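Each remark here refers to the structure printed beneath this line.
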There are 2 protein chains.
Amino acid sequence: MAVTIKDVAKAANVSPSTVSRVISDSRHISDKTKKKVRKVMEELGYHINLNARGLVRQSTKTIGIVLKYSENEAWNWINPFVSEVIQGISAHCHEHGYSIMITTGRTEKEIYSDVVKMVQGKQVDGMIVLYARKEDRVVPFLLEAAIPFVVIGKPVDRIHEVMYVDNDNVQAAKDATAFLLNQYHRKIGFIGDNPSFQVIQDRLEGYYKALELEGISKNPAYVKFVQNPEDEEKILDKFLKLEHPPTALVISSPLQGVGVLKRILNHGLHVPEDISVVVFNKTLITEVSIPKLTAIDTQTYQLGYEASKGVIELIHYPDTFKRSVIISARIEPKESHRSLQEN
Amino acid sequence: MAVTIKDVAKAANVSPSTVSRVISDSRHISDKTKKKVRKVMEELGYHINLNARGLVRQSTKTIGIVLKYSENEAWNWINPFVSEVIQGISAHCHEHGYSIMITTGRTEKEIYSDVVKMVQGKQVDGMIVLYARKEDRVVPFLLEAAIPFVVIGKPVDRIHEVMYVDNDNVQAAKDATAFLLNQYHRKIGFIGDNPSFQVIQDRLEGYYKALELEGISKNPAYVKFVQNPEDEEKILDKFLKLEHPPTALVISSPLQGVGVLKRILNHGLHVPEDISVVVFNKTLITEVSIPKLTAIDTQTYQLGYEASKGVIELIHYPDTFKRSVIISARIEPKESHRSLQEN
DNA sequence: CTGTTAGCGCATTCAG
DNA sequence: CTGAATGCGCTAACAG
């Protein structure tokens with residue numbers, strides 16, 4: 001067995017509680033004893049057992065992260081969104097001494113039970129959910145369990161009861177579409193992935209809104225959902241076979257963006273000469289892409305950072321008003337778009 | 001407070017120890033009582049406190065993951081290698097009921113203290129280290145602490161004392177180089193990132209070996225290390241200003257691969273017409289790249305999966321022979337190379 | 001300023 | 001097959 005608080009106490013000729021107080025640097029302990037105890041701890045190689053502390057404190061200083069799953073495994077972790085968000089969460093958690101635990105499940109059901117285990121098992125003090133989607137069981141469970149949590153994305157149900165961090169996706173998509181409209185595009189397509197995620201719905205809405213403002217009516221043929229990379233080919237085919245193919249596309253993920261880029265080339269067309277492309281989420285990928293993709297910077301890292309700030313605040317002050325945070329997103333013009341009017 | 005084993009015991013008219021036995025499905029309990037107790041657990045909404053269990057069992061069923069850090073933050077998580085490895089680890093851990101905790105630190109020092117906290121704090125039963133590098137303090141610490149762990153990559157020191165999972169990077173780089181030699185390239189460059197990582201050293205060695213077999217002597221001008229994306233430009237400049245610029249490149253990361261691709265285009269050159277490129281680590285990125293990059297499939301997911309298998313085996317059978325695992329890597333010819341002899 | 005006492009929730013002897 | 005007793009390592013009153 002490892003050396004415990006008792007061993008230290010004995011060796012230092014003090015009581016265990018004194019040692020405990022030294023550990024938490026209580027100000028009710030004289031500097032002299034602190035020094036003495038710390039020396040003994042050093043000598044004995046003492047280290048606190050966080051498990052035991054967790055048990056008595058009813059807190060583990062750990063945040064659980066519910067990963068976004070998708071039908072298509074590959075798109076999950078590889079999607080740079082997840083990586084960047086976690087970076088942001090990590091950074092803030094580290095500043096506050098919190099550890100991070102992540103779900104390991106791959107299906108919706110597995111992830112749900114991971115969450116139950118973390119929460120009911122008292123492994124975490126709070127949770128961050130990396131997605132918002134319809135008919136999801138995780139958020140209702142967390143509400144029921146009354147554990148601090150923050151959703152990244154816009155919750156679908158019971159929105160007033162949950163704290164969330166999100167971009168204004170409606171606005172962002174509206175901006176992106178308006179950006180293309182300003183460049184005299186009138187036939188603009190929209191490509192999203194899984195429409196059951198709220199984020200896709202919001203972006204679609206923003207896209208429609210921008211068109212509406214220009215008096216352009218909804219055209220379902222210009223809206224497609226790609227659930228796996230293979231579909232990209234078909235979708236582009238369909239677009240191009242239209243009597244009036246789109247001259248520009250708004251695409252809801254960077255990976256899809258580069259995918260579509262490639263398909264366009266396959267068709268012997270060029271970006272931005274033949275088709276302009278604006279994608280959601282500026283990431284390293286959009287930067288290394290050729291051409292660089294004109295992308296909407298959703299400040300993913302910041303999203304994670306703020307989410308972490310949120311949970312930790314909720315943990316410390318449970319009665320905090322659940323003020324949700326909107327992270328601004330703005331378009332960064334790069335090389336994948338052009339104006340139709342080459343004045 | 002949540003409902004505990006005692007509450008269940010009381011409600012079911014049994015002793016706490018009986019409830020405990022029902023939880024672990026002990027075969028010393030009659031089916032009748034099991035049923036009865038389970039019913040009560042259900043009604044009361046009982047869930048085990050894993051913290052308490054951890055304390056008494058001296059095991060948390062949690063694996064810690066030590067993330068690879070790099071000077072350049074962005075390259076860390078975004079690097080798909082990490083994502084894929086974690087997917088593999090996740091999958092296996094989930095199968096065995098293990099949770100995953102990740103380090104949150106960004107600098108070497110922070111990560112080290114994260115590790116100490118996890119291990120000494122008894123938060124984890126085992127560890128997986130996602131890198132192997134010189135003068136690293138983590139591995140020695142882990143050895144000292146005598147906790148089960150597996151390194152992904154080839155350990156630098158005390159290699160016989162640690163279990164590791166790795167590709168044969170020497171062989172893989174040799175194959176990659178030989179592949180280019182077979183295509184009649186004679187001036188082959190090598191680009192790696194941080195040379196303090198063992199993996200880079202190994203690949204460099206393999207590269208040299210292949211050249212040697214063809215009687216081509218080492219040329220330092222053909223070997224460059226890129227520590228951040230900006231350097232790519234300079235390095236390519238240097239390569240191209242040589243009297244005999246390389247006609248092919250072996251590159252040690254997919255992100256660097258696409259980066260270099262882009263720089264080559266900037267110079268008005270084309271891949272594979274002017275320069276052939278072979279990169280390490282087939283990932284989604286190499287697939288969506290234009291052209292698709294001829295890449296070495298290092299089976300990253302499998303690397304993680306095997307590492308997890310390793311730790312969990314070590315946890316269950318501490319005296320397991322530390323048999324290390326080599327995951328085969330093979331080159332997947334795509335579109336970024338060509339033969340110099342167009343017969 | 002420090003020691004004593006009493007658990008946190010669970011698993012595991014040892015009896016019966 | 002089940003119950004009573006004990007302790008995992010730590011913290012938090014409550015005394016002094």
Side-chain angles (χ1 to χ4, degrees), chain A residues 1-41 44-62 97 117-125, chain B residues 1-38 40-41 44-62 97 117-125 145:
Chain A
M1 257 6 28
V3 26
T4 79
I5 220 172
K6 280 185 188 166
D7 303 320
V8 176
K10 209 163 288 173
N13 273 317
V14 293
S15 76
S17 44
T18 300
V19 179
S20 174
R21 286 180 185 114
V22 173
I23 292 168
S24 31
D25 201 19
S26 158
R27 57 197 152 68
H28 302 299
I29 297 283
S30 72
D31 282 356
K32 215 181 84 189
T33 25
K34 273 188 189 172
K35 229 161 257 169
K36 182 176 68 180
V37 172
R38 288 202 179 111
K39 186 157 164 277
V40 175
M41 297 200 315
L44 267 52
Y46 169 81
H47 196 286
I48 194 166
N49 181 324
L50 292 170
N51 235 322
R53 165 182 280 184
L55 181 57
V56 53
R57 284 215 182 149
Q58 312 272 34
S59 149
T60 54
K61 293 274 264 178
T62 300
K117 183 175 161 192
M118 281 188 197
V119 173
Q120 305 285 40
K122 303 276 183 292
Q123 298 195 102
V124 299
D125 294 349
Chain B
M1 253 14 20
V3 27
T4 78
I5 222 172
K6 279 185 189 166
D7 303 319
V8 176
K10 210 164 289 173
N13 274 315
V14 293
S15 77
S17 41
T18 301
V19 178
S20 173
R21 285 182 184 113
V22 172
I23 291 168
S24 29
D25 201 19
S26 157
R27 57 198 152 68
H28 301 298
I29 297 285
S30 70
D31 282 356
K32 214 180 84 189
T33 24
K34 273 188 189 173
K35 231 161 257 170
K36 181 175 66 179
V37 172
R38 288 200 179 114
V40 174
M41 298 200 314
L44 267 50
Y46 169 81
H47 195 287
I48 194 167
N49 182 323
L50 292 170
N51 234 322
R53 165 180 280 184
L55 180 57
V56 53
R57 282 213 182 152
Q58 312 273 34
S59 147
T60 55
K61 293 273 265 180
T62 301
K117 183 175 161 192
M118 281 188 196
V119 173
Q120 304 285 40
K122 302 275 184 291
Q123 298 194 104
V124 299
D125 294 349

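A note on names: the letters A, B, ... follow the listed sequences, proteins ahead of strands, and every chain is numbered from 1. Note that this is a predicted model, so its numbers are computed, not measured.
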**Prompt:** Hey, what do you get for OG (B/S17) to CD1 (B/I29), rounding to the nearest 0.5 Å?
**Reply:** 8.0 Å
**Request:** Check the distance between D/dC10's P and B/L55's CG and give it to me in whole angstrom.
**Result:** 9 Å
**Request:** Could you state the atom-to-atom distance from CG of B/D31 to C1' of D/dT2 in whole Å?
**Result:** 15 Å
**Prompt:** Quick one: is A/T4 getting a side-chain N or O under 4.0 Å of the D/dG9 phosphate, OP1 or OP2?
**Reply:** no
**Fill in**
Rounded to whole Å, CD1 of A/I23 lies from P of D/dA12 at a distance of 11 Å
**Request:** Using a 4.5 Å cut-off on heavy atoms from C-beta on, say whether the side chain of B/T33 contacts that of B/R21.
**Result:** no
**Prompt:** To the nearest Å, how far apart are A/R57 CZ and C/dC8 C1'?
**Reply:** 13 Å
**Prompt:** Counting side-chain heavy atoms from C-beta on, which of C/dG3, C/dT2, C/dC8 comes nearest to A/H28?
**Reply:** C/dT2
**Prompt:** Does the side chain of A/Q58 get closer than 4.0 angstrom to OP1 or OP2 of C/dG9 through an N or O atom?
**Reply:** yes
**Message:** At 4.0 Å (heavy atoms only), tell me whether B/V14 reaches a base, stays on the sugar-phosphate, or touches nothing.
**Reply:** sugar-phosphate
**Message:** Please report the distance, rounded to the nearest Å, between CD in A/Q120 and C1' in C/dG9.
**Reply:** 15 Å
**Request:** Answer whether the closest heavy-atom distance between the side chains of B/V8 and B/V22 falls below 4.5 Å.
**Result:** no
**Request:** State whether B/S30 places a side-chain N or O below 4.0 Å from either non-bridging phosphate oxygen (OP1 or OP2) of D/dT2.
**Result:** yes
**Prompt:** Roughly how many Å is it from NZ in B/K6 to P in C/dA11, rounded to a whole number?
**Reply:** 14 Å
**Request:** Taking only the side-chain heavy atoms of B/Y46 (C-beta and beyond), determine which of D/dG3, C/dC10, D/dG9 contains the nearest atom.
**Result:** C/dC10
**Prompt:** To the side chain of A/V56, which of C/dT2, D/dG9, D/dG3 is closest?
**Reply:** D/dG9
**Message:** Return whichever of A/R53 or B/A52 has its heavy-atom-nearest nucleotide of DNA chain D closer to the 5' end.
**Reply:** B/A52
**Message:** Just the rounded figure in Å: distance from P of D/dT11 to CG of A/N51.
**Reply:** 12 Å
**Nearest to side-chain heavy atoms of B/T33, which nucleotide of D/dT11, D/dT2, C/dG3** = D/dT2
**Message:** Can you identify which nucleotide, out of D/dC8, C/dT2, C/dC10, has its nearest atom closest to the A/R21 side chain?
**Reply:** C/dT2
**Item:** Closest to the B/S17 side chain, choosing from C/dG9, D/dG3, D/dT11
**Value:** D/dG3
**Request:** Using a cut-off of 6.0 Å, state whether more than 12 heavy atoms not belonging to B/K10 lie near its atom NZ.
**Result:** no
**Request:** Check the distance between D/dC10's C1' and A/I5's CD1 and give it to me in whole angstrom.
**Result:** 5 Å
**Prompt:** Counting only side-chain N and O atoms of A/S15, is one of them less than 4.0 Å from OP1 or OP2 of C/dG3?
**Reply:** yes
**Prompt:** Is there side-chain contact between A/D25 and A/R38, with at least one heavy-atom pair below 4.5 Å?
**Reply:** yes
